[in-house]
Amino acid sequence: YEDGHFGWSYAWNMNMWARLGDGQMAFENLQKLFLYSLSPNLLNNYPPFQIDANLGSVAAIAEMIMQSQNDEIHLLPALPDRWSEGSVSGLCARGGFEVSIEWKDKKVVKAEITSHLGNVCKLRCASTVSVLSSDDKPINTKIENELICFETEKDKKYIIKG
């Protein structure tokens, strides 16, 4: 093991770097996890078998793309350069939100947020975005502490356009 880490510690490091907003360091640990700690079947190869590396790395990848804490949703908080464009769907955020994101040049092109509980959505995003209802009508938003805030209705979908 090149730097003394095992599978679970790579996953731990990935999560910490993602939470700190450093996508490059998170991605480096993901690469090391694949290089040093996974078998061809993608299960952790450190004996005895430990699932921590597998589950932790998936959690870290989600944290690199979307974070949800302190009653806010942060889109693309820690993208590595290698992931400058992509998409994801079905991420669950605290407060009863389901999030799908499409991005290019590390900026949100389009996101869909489904509100399953009707809570206020507080959104953090590095790029300028507009919020629309599912029928393309603008939604009233207000900015609070660099967060885009808007009221939602239960089981309604909201479109975020970059």
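Please read all numbers here as calculations on a predicted model, not as lab measurements.
Judged as a salt bridge (charged side-chain N to carboxylate O under 4.0 Å, His left out), and not counting sequence neighbours, the contacts of K110 are E112. By the side-chain contact (heavy atoms from CB on, under 4.5 Å) test, D81 is found to be paired with Q24, K106, residues two or more places apart in sequence or in another chain being considered. F34 pairs by the ring-ring contact (aromatic ring centres under 6.0 Å, His included) definition with nothing, not counting sequence neighbours. Remark: E151 pairs with V120 by the side-chain contact (heavy atoms from CB on, under 4.5 Å) rule, at least two apart or across chains.
Heavy-atom minimum distance, G162 versus V129: CA-CG1, 4.0 Å. Contact detail for G56 and A11: the closest heavy-atom pair is C-CB, 3.6 Å. Listed here is the closest heavy atom pair of P80 and G23: CB-O, 3.5 Å. A pairwise comparison of heavy atoms in P77 and M64 identifies CD-O, 3.4 Å as the closest pair.
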Check: Does the pair S115 and Y158 meet the rule for a side-chain contact (heavy atoms from CB on, under 4.5 Å), with working shown?
Finding: CA-CA 8 Å; S115 175; Y158 300 86; 4.3 Å; yes

Next item on the list: In sequence, state the C-alpha distance, the side-chain angles, and the governing distance for L123 and I113, and then conclude on side-chain contact (heavy atoms from CB on, under 4.5 Å).
Entry: CA-CA 10 Å; L123 187 64; I113 299 176; 4.0 Å; yes

Note to self: Does I73 form a side-chain contact (heavy atoms from CB on, under 4.5 Å) with M66? I'd like the steps, not just the answer.
What the structure shows: CA-CA 7 Å; I73 299 169; M66 182 203 74; 3.9 Å; yes

Checklist line | Worked check of side-chain contact (heavy atoms from CB on, under 4.5 Å) between H116 and K154 | finding: CA-CA 5 Å; H116 293 296; K154 184 178 178 185; 5.9 Å; no

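Connection of L91 to I159 is not established within any shared hydrophobic cluster, with ILVMFWY side chains joined at heavy-atom distances below 4.5 Å, either directly or through further cluster members. Cluster annotation: L79 and M16 are assigned to distinct hydrophobic clusters (Ile/Leu/Val/Met/Phe/Trp/Tyr, side-chain heavy-atom contacts under 4.5 Å, transitive). V108 and I61 fall within the same hydrophobic cluster, where Ile, Leu, Val, Met, Phe, Trp and Tyr residues are linked whenever their side-chain heavy atoms come under 4.5 Å apart, directly or through other members. Linking ILVMFWY residues whenever their side-chain heavy atoms come closer than 4.5 Å, directly or via other members, leaves V99 and L147 in distinct clusters. L76 is not connected to W17 by any chain of hydrophobic side-chain contacts under 4.5 Å among Ile, Leu, Val, Met, Phe, Trp and Tyr, and they are in different clusters.
Under a 3.5 Å cut-off, the side chain of N29 and the backbone N or O of M25 do form a donor-acceptor pair. No donor-acceptor distance shorter than 3.5 angstrom exists from the side chain of N13 to the backbone of A26, with no hydrogens or angles considered. Judged purely by atom type and a 3.5 angstrom limit, S68 uses its side chain to pair as donor or acceptor with the backbone of R94. Panel note: side chain T152, backbone C121; no donor-acceptor pair is recorded below 3.5 Å. With N15 contributing its side chain and S57 its backbone, the two residues share no donor-acceptor pair below 3.5 Å.
The CZ atom of R82 sits 10.0 Å away from the CG atom of L30 when rounded to the nearest 0.5 Å. The OG1 atom of T141 lies 14.0 Å from the NZ atom of K122; values are rounded to the nearest 0.5 Å. Once rounded to the nearest 0.5 Å, the distance linking CD1 of I139 with SG of C149 reads 14.0 Å. The distance from atom OG1 of T114 to atom CG of L117, rounded to the nearest 0.5 Å, is 12.0 Å. From I160, atom CD1 reaches atom OG of S100 across 11.5 Å, with rounding to the nearest 0.5 Å. Remark: S37 OG to L43 CG distance equals 12.5 Å, nearest 0.5 Å.
Proximity of L132 to K161: side-chain heavy atoms (C-beta onward) are separated by under 4.5 Å at one or more points. Residues I51 and W8 fail the side-chain proximity criterion, which asks for heavy atoms closer than 4.5 Å.
Sorted by first and then second residue, the pairs that involve residues 69-97 and meet ring pair (Phe, Tyr, Trp, His ring centres under 6.0 Å), not counting sequence neighbours, are F27-W83. Sorted by first then second residue, the salt bridge (charged side-chain N to carboxylate O under 4.0 Å, His left out) pairs that include residues 48-67, not counting sequence neighbours, are R19-E63.
When the shell of 6.0 Å around CG of N145 is examined, it contains 12 or fewer heavy atoms from other residues, nucleotides or ligands.
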